Amino acid sequence: MSNKEKILNIAVIAHVDAGKSTLVDAFLRQSDVFRDNEEVVDCIMDSNDLERERGITIYSKNCSVIHDGVKINIVDTPGHADFSSEVERIIRTVDTVILLVDASEGPMPQTRFVLSKALEIGLKPILLINKIDKKDQRAEEVVDEVYELFLELNANDEQLDFPILYGIAREGIVQYDLNTPSDSIEPLFKTILKHCDVYPDLDDDPVQMQVSALAYDEYIGRLGIGRIYKGVLKPGTQYIRCNQDGLKKKETISKIFVYKGLSRTDVKEAHSGDIVVIAGMPDISIGDTICDPEHIEPMEQIEIEEPTLSMNFHVNSSPFAGQSGKFVTSRNLKERLEKELEVNVGLRVEPTDSADCFKVSGRGELHISILIENMRREGYELAVSKPEVILHRDENGTKVEPIEEVVCLAPSEYQGTIINKLNLRKGVMQDMEEENGYVKITYLAPTRGLLGFRSEFINDTHGEGTLVRRISGYEPYKGEITQRMQGAMISTETGQAMTYALWNLQERGQLFISPQTEVYEGMIIGESAKNIDMDVNPLKNKKLTAIRSSGRDEAMLLTPPRIFSLEEALEWINDDELVEVTPDAIRIRKKGLTAQDRRNLYREKMAQNKD
């Protein structure tokens with residue numbers, strides 16, 4: 001090992017908002033990766049615009065630091081359950097994981113998922129209790145909860161003997177215990193090097209590398225990212241690429257990059273143990289193994305959990321189609337979805353009976369809505385249907401559906417409302433704890449019933465509640481679940497909405513638009529207070545008269561309209577409605593734009609139900 005770098009790969013895993021990206025920032029800042037005069041933003045690994053706006057990690061990303069002569073490759077992983085396919089793949093490329101747990105919240109449903117994946121492949125985690133500066137921190141109790149979680153996940157004796165550290169990632173501090181202050185993350189570096197052996201020197205063995213992620217470069221094309229398990233990889237050399245279907249093909253690597261700090265560096269050779277990026281194989285895919293032509297040894301396939309939700313992506317057919325988007329045809333839509341499949345392994349795209357519609361399946365609402373948001377920013381227009389849960393049949397032929405573990409943390413005064421709403425959605429309470437004016441409620445509920453629950457939960461708790469979900473398994477179908485209780489206000493005209501019309505309509509429900517908004521026939525402009533759809537005319541203006549007097553005209557004060565985010569709009573719609581997504585607007589519409597179209601669609605639905 002003296003002639004080559006000592007290499008160690010680690011992943012930082014946790015649930016959403018535990019501080020993963022902040023900890024990676026501390027690794028980089030305290031390893032002299034940045035120049036003294038360089039301006040560094042927080043959560044530097046969250047480089048995607050959507051990640052910065054939402055404050056979450058969506059894509060796994062790599063960087064590296066050098067400490068005590070050892071190159072440490074660091075993988076920042078997503079914490080949201082919808083991006084679990086990223087975690088499943090990346091976890092195979094590392095030697096150990098740092099499990100980050102909030103000192104107040106303790107282990108959450110997603111903590112269980114990411115930890116189970118690490119334990120399954122035999123990794124020995126390091127526990128870091130983060131945010132110990134919180135007023136309500138309960139670090140010692142949280143450690144006990146983590147031990148219980150390890151036992152529930154059948155950890156072996158070695159895995160149970162995990163090191164425990166305490167820290168404040170935001171300040172770049174890690175301590176050996178609560179009573180020993182520190183001013184850096186040096187204790188974490190020392191624990192990593194002591195707890196985990198560097199990768200053995202297997203440079204003399206035949207090459208074996210597996211691709212765990214994909215990327216794309218405009219100049220050199222498709223890139224494969226993965227770990228070299230054995231041998232030395234060199235550009236310009238011919239190798240055998242074995243794919244998941246058993247195909248073995250001779251191909252040449254044109255370029256090899258390794259991570260140095262935050263940047264990718266072109267190298268002439270890469271050694272066993274390192275995480276590399278390779279170019280020159282246009283058809284490379286996740287799970288492919290790169291082998292020596294004389295020793296073809298494909299590695300075990302990477303299994304990805306099945307999608308749980310699907311949505312139909314339609315070509316935008318509204319009267320406003322093509323006004324702001326550059327890509328509006330079915331061919332544009334098809335090409336963009338095929339491009340996404342190259343890098344998004346948890347996604348499925350299937351054709352439908354219509355050439356203008358594609359069925360897209362993913363791990364959850366957020367998983368698919370991130371794709372839609374990226375598409376609209378790239379200039380695409382489309383219409384999206386209500387998310388549908390993917391049902392399966394078990395070995396006995398019984399219809400089963402995905403069940404999620406839901407953890408709600410909210411002020412105690414809202415517990416009655418939360419319990420009532422989850423009971424209506426076929427949920428079953430598992431646990432309830434109350435402490436310091438807050439209640440933590442754990443439910444098992446069908447994914448079908450949780451569609452639309454997040455926005456309701458935020459409204460019911462006045463923004464003070466926290467909701468965490470994760471797929472826990474499949475159970476027999478739970479029966480019918482009531483959809484949205486309120487009807488929709490549907491525009492009967494096309495043109496600019498008038499203040500007078502909206503002022504009269506606001507008494508009959510909640511509006512989604514403001515005066516002078518362009519509307520079209522069939523567009524939904526508000527939520528009815530009753531459980532029926534209402535056809536309304538938002539263009540109606542006040543009749544002009546010759547009579548004028550000071551006090552005759554009332555001031556028309558409008559309540560501010562409800563503005564939907566993309567996720568909220570997808571949660572709100574019913575089966576007969578679509579979300580129209582364009583670069584400059586998110587609108588909600590009926591599938592049938594005219595009253596006659598809607599009657600025809602209703603008759604078709606009734607006829608199908610009879611069959």
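If you're wondering where the values come from, they're calculated on a predicted model, not measured in any experiment.
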Parallel, tilted or perpendicular: ring planes of Phe564 versus Phe512, cut at 30 and 60 degrees: perpendicular
Residue pairs, two or more places apart or on separate chains, that pass ring pair (Phe, Tyr, Trp, His ring centres under 6.0 Å) and touch residues 463-483: His392-Tyr474
Straight-line distance of Lys478 NZ to Leu444 CG, nearest 0.5 Å: 8.5 Å
Check: Asp533 main-chain N/O paired with Ser528 side-chain donor or acceptor under 3.5 Å: no
Glu434 and Ser412: side chain donor to acceptor below 3.5 Å: yes
Atom pair CD (Glu365) and CD1 (Ile372), whose distance is rounded to the nearest 0.5 Å: 10.5 Å
From CA spacing to verdict: side-chain contact (heavy atoms from CB on, under 4.5 Å), Val101, Leu127: CA-CA 8 Å; Val101 180; Leu127 175 63; 3.8 Å; yes
Salt bridge flag under 4.0 Å for residues Glu388 and Lys359: no
Inter-residue atom distance Leu119.CG - Ile91.CD1, 0.5 Å rounding: 9.5 Å
Tyr500: partners by ring-ring contact (aromatic ring centres under 6.0 Å, His included), with sequence neighbours left out: none
For Phe150, ring-ring contact (aromatic ring centres under 6.0 Å, His included) partners two or more places apart: Phe162
Between Arg587 and Thr517: side-chain donor-acceptor atoms closer than 3.5 Å: no
Donor-acceptor contact below 3.5 Å, side chain Ser182 vs main chain Val174: yes
CD on Glu381 to OG1 on Thr582, rounded to 0.5 Å: 5.5 Å
Glu404-Thr447 side chain donor-acceptor pair, cut-off 3.5 Å: yes
